[in-house]
Amino acid sequence: MIVVAMDMDIKKYRKSLLLFLLLLLVFVNCQKKDTKNINKVENALRIDTLNLITNVSFYDTGTFALNTLVNHRNFNFSISGTKKNVKESKEITLTKPTVFESYALVNGKTRVQRYLVFSKNDTLTFEFRKNGSVYTGNKKNAILNTLISDNTIYSIEEPDNSVNYIQSLKKKYDNNLAIIKQDSINYTDFQYKAINDYLEIYFYNKLFNVDFSKITNQNVIEELDKYFDIVNNNILILNRLNAVQNKSLIINLLRYISFKNKNHHLIDNLQFLDKKLFKTEALDGFLLDYMENDNTLSKNDIDIMKKYIRESSLKKATEKSKGKVLSKNILNSTIKDAKLNEVAIKNILSVKHEKLILVDLWATWCVPCLKEIPNWKIAQKKYSDKIKFIRISIDNDQKKWSVFLKKDINDESNYIISNSSHPFIKYFEISSIPRFLLFNNKFEVISDDFDRPSDNNFDIKLKAILDEN
């Protein structure tokens with residue numbers, strides 16, 4: 001009896017063991033299958049470069065512009081049409097999915113439109129008219145305009161009811177995810193991922209884009225704490241695509257940390273950002289732009305910020321063209337003076353007794369450029385014996401530029417480059433204005449992005465450089 005019982009137990013054990021092995025085999029096979037599927041998806045998400053071609057059909061003359069971040073730094077480019085019924089194009093090479101934004105005044109209000117570039121050879125096609133541009137290209141690239149209609153994404157929100165505000169944002173976010181999921185059959189895995197990444201960044205940015213000082217409800221703060229942890233756990237999402245919201249999100253996270261720590265000096269709160277963000281392209285780009293555009297930063301602030309920037313990024317930003325001598329190709333190239341005569345850049349930058357040459361790159365349609373004119377004239381008068389002041393317009397409409405000079409400036413030191421492919425423009429990668437370039441009398445580049453005359457540090461930096469030269 002005992003032997004039989006033992007035999008029955010062994011049979012049960014063997015049966016259980018066989019069942020276990022069978023389940024294990026199925027599990028391993030499923031794991032292999034899942035691994036293959038994961039690898040397949042990961043391979044589908046890889047991309048080398050994106051070649052973006054922007055085509056603009058001009059039904060009116062003017063300038064069309066798109067804005068974004070590239071490598072997490074401010075980037076914008078423009079295409080000008082000097083004649084009606086002409087088509088102009090521009091090609092840009094990118095290394096990751098990018099969200100471009102265009103802005104237009106419609107009935108006195110700003111309208112923001114977003115276009116996502118995520119395929120290897122994407123084309124954005126527009127029609128330009130005085131009352132605004134119209135996108136006429138692939139609907140895939142304009143999907144964000146279907147999902148998001150917000151035109152005030154950069155204004156700090158002051159919600160009357162913070163609880164309702166958060167719930168409303170979450171509902172819109174979930175609805176957008178549901179819409180794109182239903183439409184996912186029309187997108188590759190790579191494209192679908194890029195759209196979802198942007199929606200996530202956009203949601204978090206809006207969530208923390210509020211005036212925290214107005215929030216008194218402890219439940220709201222606890223809710224924000226929860227989302228803050230979620231963002232930090234997925235902070236590297238910022239490295240997956242270029243979008244203006246990337247930089248805005250970092251600022252808003254810093255604002256929230258400063259609010260929680262009761263220390264409103266953002267730089268002091270850098271240490272509290274998630275460490276996964278340190279030494280990444282996202283933080284590099286944000287801090288480099290911050291350093292260059294915020295004139296209220298102290299030397300100590302800048303020294304602290306530099307500790308969080310990778311040396312390679314810092315070196316590339318500060319020594320891009322500093323100390324380099326302009327090539328013969330650039331110096332021998334010509335541009336037009338106020339009388340529309342061709343003049344070699346070498347002759348324009350040549351000096352008799354001045355130590356430095358300051359070049360202002362501007363255009364008649366650039367409002368920030370025009371605001372610099374009064375301060376430019378003050379500086380020109382102040383340093384006339386030590387610095388040669390040159391203004392180079394990038395207007396496409398030479399006639400408009402000539403009329404503007406006669407009315408407002410009447411300055412002989414004015415020149416124009418109407419060709420966006422000119423060696424001077426290409427060398428300094430001019431994608432935004434105003435832009436100030438500083439040279440010494442040996443045609444060496446001292447700064448390819450000097451402070452504006454209206455900046456507080458303009459005189460301090462200029463005097464220090466004059467003393468060195």
Side-chain angles (χ1 to χ4, degrees), residues 65-78 92 94-96 98-101 103 153-156 198 201-202 204-205 208-209 235-255 257-258 265-271 273-274 277-322 361 366 368-369 372 428-438 447-452 454-458 461:
L66 287 175
N67 304 275
T68 187
L69 295 185
V70 171
N71 299 326
H72 295 269
R73 302 202 68 187
N74 292 334
F75 176 82
N76 62 71
F77 71 88
S78 59
I92 294 175
L94 304 163
T95 57
K96 64 183 68 176
T98 301
V99 178
F100 287 92
E101 295 181 352
Y103 311 99
I153 54 176
Y154 306 115
S155 302
I156 299 295
Y198 181 79
I201 292 171
Y202 178 85
Y204 292 142
N205 182 54
F208 288 95
N209 195 44
I235 197 69
L236 292 182
I237 190 176
L238 296 176
N239 268 4
R240 294 208 289 262
L241 79 165
N242 293 313
V244 174
Q245 280 69 35
N246 292 11
K247 180 185 291 187
S248 186
L249 178 56
I250 295 178
I251 293 174
N252 285 331
L253 291 178
L254 272 174
R255 287 179 52 247
I257 295 171
S258 69
H265 192 52
L266 293 186
I267 307 306
D268 293 339
N269 294 283
L270 276 171
Q271 60 183 307
L273 282 174
D274 192 271
L277 187 60
F278 293 170
K279 306 302 180 183
T280 64
E281 184 183 74
L283 194 61
D284 286 352
F286 161 68
L287 292 176
L288 286 168
D289 269 357
Y290 197 158
M291 285 166 53
E292 291 180 9
N293 297 318
D294 191 334
N295 296 311
T296 64
L297 295 173
S298 67
K299 184 180 183 303
N300 185 55
D301 290 337
I302 293 174
D303 288 340
I304 292 173
M305 293 168 77
K306 285 181 178 180
K307 293 178 182 178
Y308 294 92
I309 303 173
R310 292 176 296 179
E311 288 185 13
S312 57
S313 297
L314 192 60
K315 185 176 181 180
K316 185 177 179 181
T318 56
E319 297 182 5
K320 184 176 180 181
S321 56
K322 183 180 178 181
L361 288 166
C366 170
C369 299
E372 291 297 325
F428 289 106
E429 297 179 1
I430 306 302
S431 60
S432 62
I433 52 175
R435 177 91 169 265
F436 295 89
L437 311 174
L438 189 65
S447 174
D448 64 1
D449 193 4
F450 196 67
D451 290 33
R452 301 181 184 186
S454 61
D455 291 345
N456 294 330
N457 294 326
F458 177 80
K461 289 185 178 181

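For this chain, numbers begin at 1 and follow the sequence in order.
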- Message: Distance check, rounded to the nearest 0.5 Å: Asn205 atom CG versus Leu249 atom CG?
- Response: 5.5 Å

- Working to the nearest 0.5 Å, report the span between CZ of Arg255 and CZ of Phe208. 10.5 Å

- Task: Decide whether Ser258 and Asn269 meet the rule of one side-chain donor and one side-chain acceptor closer than 3.5 Å.
- Result: no

- Note on the structure: OH (Tyr204) and CD1 (Ile235) are apart, to the nearest 0.5 Å, by 9.5 Å

- Message: Could you measure the distance from the CG atom of Asp284 to the CD atom of Glu311? Nearest 0.5 Å is fine.
- Response: 11.0 Å

- Query: So, for Tyr290 and Phe286, is the gap between ring centers shorter than 6.0 Å?
  - Reply: yes

- Query: CG of Leu253 to OG of Ser248: how many Å apart, nearest 0.5 Å?
  - Reply: 9.5 Å

- To the nearest 0.5 Å, tell me how far Asn252 CG sits from Ile156 CD1. 5.5 Å

- Query: Do the charged groups of Lys96 and Glu281 touch, with an N to O distance under 4.0 Å?
  - Reply: yes

- Query: Counting distance only, does the side-chain N/O of Glu372 pair as donor-acceptor with the main-chain N or O of Ser454 below 3.5 Å?
  - Reply: yes

- Can a donor-acceptor pair be found between the side chains of Tyr198 and Gln245 at a distance below 3.5 Å? yes

- All salt bridge (charged side-chain N to carboxylate O under 4.0 Å, His left out) counterparts of Lys299, not counting sequence neighbours: Asp303

